[in-house]
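All values derive from a computational prediction rather than experimental measurement. Each ligand, and each atom within it, is numbered from 1 in the order the structure gives.
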Amino acid sequence: MLSSKRLICLSLLVVYSFAFTDYLLKKCGESGFCNRNRFYSNNILNSKNNYYSLDETSLNFDSNSNILYANVIKTIPSHQITTDNDTISHSNEELKITLPITISMLDSAVRFTMDEARSERHDVLEDFSSDLLSIQRYNETSNWSFDPKNNIPIEKFLKFNQLKNIVEISNEDESIKLNVYQDQFKIEIFYKGKLAMVLNDRLFLNVEHLRNEDDNDLNLLPEESSFNSFEDNFQYSKDDTLPFGPESVALDFTLIDSTHVYGIPEHADSLLLKDTSGSEPYRLYNVDVFEYNLDSKMPMYGAIPLLIGLHNDDTHQDNQFVSGVFWNNAADTWIDINYNNDLQNTKTHWMSESGIIDTIIFFTNSPLELSKKFTDLTGKPALPLLSSIGYHQCRWNYNDELDVLTVDSEMDRNHIPYDFIWLDLEYTDDRKYFTWKPNSFPNPKRLLQKLQRLGRNLVVLIDPHIKNDYPISNEMIVNDVAVKNHKGTPFIGICWPGKSLWIDTFNQLGQKIWNEFFQKFLYENVNNLFIWNDMNEPSIFDGPETSAPKDLIHSGGFEERSVHNVYGLTVHESTYESVKQIYSKSDRRPFILTRSFFAGSQRTAAVWTGDNVATWDYLRMSIPMMLTNGIAGFPFIGSDVAGFSGDPEMELIARWYQAGMWYPFFRAHAHIDSKRREPYLFNEPLKSIVRDIIQLRYKLLPTLYTLFHESSVKGVPIVTPMFYNKPQYKELYSIDDQFYMGDSGILVKPIVEKKVEQTEMIFTPGIYYEYYSLTPMIIDELKWETIITPLNRLPFFIEGGHIITTRDKYRRSSLLMQNDPFSLIVAPSMNGAAQGKIYLDDGNTFEYLTEEYLDFEFEMINGNKIIGKLNHLPKNLEKIGNLSINKIIIAKGQLAFNQETVTIKQNDSTFTCAIINEENRLVILNPGINLINDWEIIF
Ligand SMILES: *[C@@H]1O[C@H](CO)[C@@H](O)[C@H](O)[C@H]1NC(C)=O
Ligand SMILES: *[C@@H]1O[C@H](CO)[C@@H](O)[C@H](O)[C@H]1NC(C)=O
Ligand SMILES: *[C@@H]1O[C@H](CO)[C@@H](O)[C@H](O)[C@H]1NC(C)=O
Ligand SMILES: *[C@@H]1O[C@H](CO)[C@@H](O)[C@H](O)[C@H]1NC(C)=O
Ligand SMILES: *[C@@H]1O[C@H](CO)[C@@H](O)[C@H](O)[C@H]1NC(C)=O
């Protein structure tokens with residue numbers, strides 16, 4: 001959250017206008033290492049010179065770890081150096097730089113790393129000796145991105161064969177084979193016998209090795225430039241001391257037979273990534289981008305460096321597979337993408353400012369499996385509190401206790417369910433986190449207890465910038481856990497509270513001190529207070545690109561430059577651990593919202609898309625942004641409904657709630673300068689439209705919670721792109737305005753345009769039932785259909801073949817629904833088949849990890865039988881709530897139903913039950929069955 005207030009904060013610092021202005025951010029040409037790597041890649045394409053080769057004598061296969069170690073040697077040949085004014089030229093001696101590499105096989109993936117043996121560089125080392133900085137390249141990104149709970153199985157090499165100029169490697173089942181070329185270092189990767197990817201195909205491999213500024217010319221290859229190697233002349237980062245000079249790493253990957261690539265959030269851009277030739281590369285650099293630009297490759301708040309490629313070999317239809325390139329580097333990173341449609345190959349070029357090359361390349365047969373593999377490595381999304389997938393009401397700001405309790409009771413009076421209410425910045429005493437404004441919130445515990453009666457929760461904002469000079473920041477200084485400036489003293493920058501310090505949560509001591517702050521702030525027994533970590537990119541008002549100077553120093557002597565994109569994760573993960581520990585007596589799952597994120601953030605947080613604007617374009621963009629995060633392993637995402645800044649018109653609010661009810665994280669939020677817009681304040685018909693939509697979200701909670709659980713086990717998206725579920729249809733590859741909800745069969749296309757009362761949706765063959773009427777629509781072959789959508793309707797279908805569960809009665813909160821019975825909606829396929837499932841647990845604690853959950857499956861067979869099958873029963877049934885089914889709705893579709901009763905068998909008893917035969921549907925009321933025992937319904 002950033003505001004016009006920022007104008008005040010910044011008035012003396014930089015001129016800053018209200019809307020987001022790109023000039024604050026570097027373009028590739030203004031970024032030293034991006035400029036240099038693009039320059040190098042252009043030149044090397046022409047010269048085709050090779051400077052990197054594998055030293056075959058260094059090959060060393062460690063059979064304990066199953067890792068192949070070797071050295072790649074970078075050779076800078078003796079060559080003439082011509083200076084800018086063309087008058088002086090001289091030559092250098094040949095220089096050899098050792099770059100240790102590793103190659104290992106993970107479960108259907110290849111890991112390749114490349115470091116620089118800086119400690120061997122006796123020629124220059126002493127010029128870089130420092131008490132403050134580690135000389136090593138930062139290689140601990142995986143400490144944060146990989147799931148610490150997961151012991152990644154490293155497969156044995158089946159083959160490790162050294163031929164002349166080629167080392168052949170393959171995994172156990174030989175599904176993945178590598179050819180590593182020695183003289184001209186490159187790696188070809190074959191998946192199922194077919195060339196799938198080439199690393200260093202275009203010779204863009206570039207490791208800018210350690211050198212003295214004085215000798216920079218001697219260390220440059222003829223294809224390289226020295227642009228901003230030891231200085232930064234970008235207007236807002238001129239103070240960067242660049243202690244190691246140029247140290248970027250870059251590599252190209254060619255995806256063979258792939259014409260569609262996705263991923264690398266966060267960008268406000270289409271799901272299908274765009275070609276970057278002749279324009280800016282996509283940039284991953286976590287920054288605060290208030291009112292960010294749309295349809296843009298500019299960096300945003302978070303970074304997940306995972307690129308997903310669909311591979312189709314047109315000559316063999318079933319030869320379809322998916323690859324994933326995970327570039328495990330937390331530094332400022334740019335990615336160029338070139339589609340080459342003639343050759344059916346996609347070329348990518350990855351450039352990071354520092355750190356090592358650490359890349360994991362996945363191959364799977366389907367997109368869903370790719371999400372699974374990626375989250376095997378980086379961790380599954382946490383299963384959230386059931387209440388946190390309800391509705392969240394937020395505003396900057398609810399001013400005091402009375403304000404909060406008034407919103408609370410007005411929601412109830414107007415039959416609008418909600419579970420979370422939020423306090424932004426201003427609840428604090430003078431923007432000092434871990435305090436409450438004394439007059440406005442004199443008794444926070446009392447407020448929490450009042451909310452707790454209906455199972456409701458409060459979230460407050462706590463950011464990593466800590467106001468200078470109060471007990472909390474003093475504690476940080478005493479314990480030496482503040483991020484330091486390049487001179488090694490605590491860094492002071494400007495943020496909301498004015499002069500501030502930043503907690504260093506890379507440090508175990510920093511994590512411990514952060515935890516102690518929460519120990520004093522949270523209540524062990526009143527466990528409905530949760531935390532929002534905002535501004536954790538980090539956002540620094542007087543910092544370069546509104547963020548941290550890259551020469552700040554973190555624990556371990558690593559520069560901000562190398563760890564930047566993972567900082568936010570260290571903060572929210574540390575916050576999560578603190579909350580978890582404090583609530584451990586009641587075993588309550590924490591809820592943490594973060595703005596900044598990296599690969600792995602899904603393990604502990606939810607995220608939102610930051611400071612959007614109440615316009616139709618931001619509504620439209622929220623959908624591809626959500627889809628992209630979902631396929632990159634971090635599905636618990638939403639956008640501020642109905643736009644953070646500005647005052648949305650009635651129609652936009654209605655459409656935004658209709659889209660927002662599908663966001664995994666469903667929160668309304670508004671800027672301090674906008675008019676109050678709690679839904680009960682709206683005039684009719686808007687108030688009823690919004691109330692009904694929020695109630696619909698609550699009805700669907702059993703289905704949504706089942707999808708969240710599925711995602712927490714498999715890492716699959718919740719809101720799912722069309723092509724993910726139906727990769728066989730190329731027509732779906734660029735669809736990013738309609739989506740499935742996981743594998744539930746729910747198919748939605750929110751309206752994101754003004755004055756639109758009908759829309760075109762694409763359908764694959766099958767039968768689809770419009771949700772409200774259950775009117776069937778039969779599709780023989782893939783086609784577009786016109787769907788009529790007045791303001792009180794959204795295009796919402798259930799695809800034939802699915803059974804979903806709902807809880808239909810309005811209740812004030814998710815907790816109060818737990819005593820209500822379930823309904824089933826059966827949507828048969830053309831031949832009368834349908835399947836569904838429900839996952840339930842207490843929605844609250846970690847007991848589900850010790851078998852305390854219920855797993856029940858439904859199936860319709862041949863249109864004349866529905867069976868219910870129990871897969872898992874918890875020991876403590878009463879904690880899970882009501883398990884009876886009191887309504888079954890069957891979409892009639894194509895099937896001929898003419899009986900008046902059905903036969904129901906549960907346990908050993910058999911009884912009959914009346915069918916109510918309505919237009920489009922059959923209804924069975926009170927069938928007397930439940931989710932505890934198997935049953936059958938026979939028509
Ligand atoms: C050429 O440039 C070099 C350094 O870039 C400088 O030392 C030298 O004086 C220049 N020579 C002339 C003739 O300008
Ligand atoms: C990082 O490099 C150091 C020094 O070479 C090594 O000891 C350490 O194991 C590496 N850490 C990781 C996570 O690879
Ligand atoms: C990172 O992981 C490596 C290898 O697992 C370990 O040796 C190192 O201590 C870890 N670093 C931190 C800061 O925890
Ligand atoms: C579950 O719901 C049914 C139907 O409303 C009701 O008859 C039953 O008493 C409820 N059971 C529990 C345990 O609340
Ligand atoms: C059905 O059988 C199970 C044991 O198989 C028993 O626990 C349960 O009470 C029975 N339910 C009914 C409704 O009879």
So which heavy atom in the protein is nearest atom 9 (O) of ligand 3, and how far is it from that ligand atom?
Glu140 OE2, 4.5 Å
Proximal atoms of ligand 2 relative to Asn139 (non-hydrogen, under 4.0 Å)
1 (C), 2 (O), 3 (C), 8 (C), 10 (C), 11 (N), 12 (C), 13 (C), 14 (O)
Of all heavy-atom pairs between Ile880 and Leu854, which one has the smallest distance, and what is that distance?
CD1-N, 4.3 Å
Backbone of His554 reached by a side-chain donor or acceptor of Asn507 within 3.5 Å:
no
Which ligand 4 atoms, with their elements, are less than 4.0 angstrom from a heavy-atom of Ser884?
1 (C), 2 (O), 3 (C)
Phe326 side chain near Ser145 side chain, heavy-atom distance below 4.5 Å:
yes
Would you say the side chains of Thr806 and Lys699 form a donor-acceptor pair under 3.5 Å?
no
How about atom 5 (O) of ligand 2: does it have a protein heavy atom within less than 4.0 Å?
no
Would Asn143 count as a contact of ligand 2 if the rule is a heavy atom under 4.0 Å away?
yes
Can you confirm whether some protein heavy atom lies under 4.0 Å from atom 11 (N) of ligand 4, or whether none does?
yes
Test side-chain contact (heavy atoms from CB on, under 4.5 Å) on Tyr418 and Ile694; report intermediate values, then the result.
CA-CA 8 Å; Tyr418 93 96; Ile694 299 175; over 6 Å; no
Does ligand 2 come near enough to Asp115 that some N or O of the ligand is less than 3.5 Å from an N or O of the residue?
no
Per the salt bridge (Lys or Arg N to Asp or Glu O under 4.0 Å) rule, which among Arg811, Arg456, Arg453 passes with Asp412?
Arg456
Validate the cation-pi geometry between Arg561 and Phe244: distance from NZ or CZ to the six-membered ring centre under 6.0 Å, angle to the ring axis within 45°.
no
contact_flag Asn819 ligand 4 heavy-atom lt 4.0 Å:
yes
Write out the residue and atom name of the closest protein heavy atom to atom 2 (O) of ligand 4, then the distance separating them to 0.1 Å.
Asn882 ND2, 2.3 Å
Are there protein heavy-atom neighbours of atom 14 (O) of ligand 2 below 4.0 Å?
yes
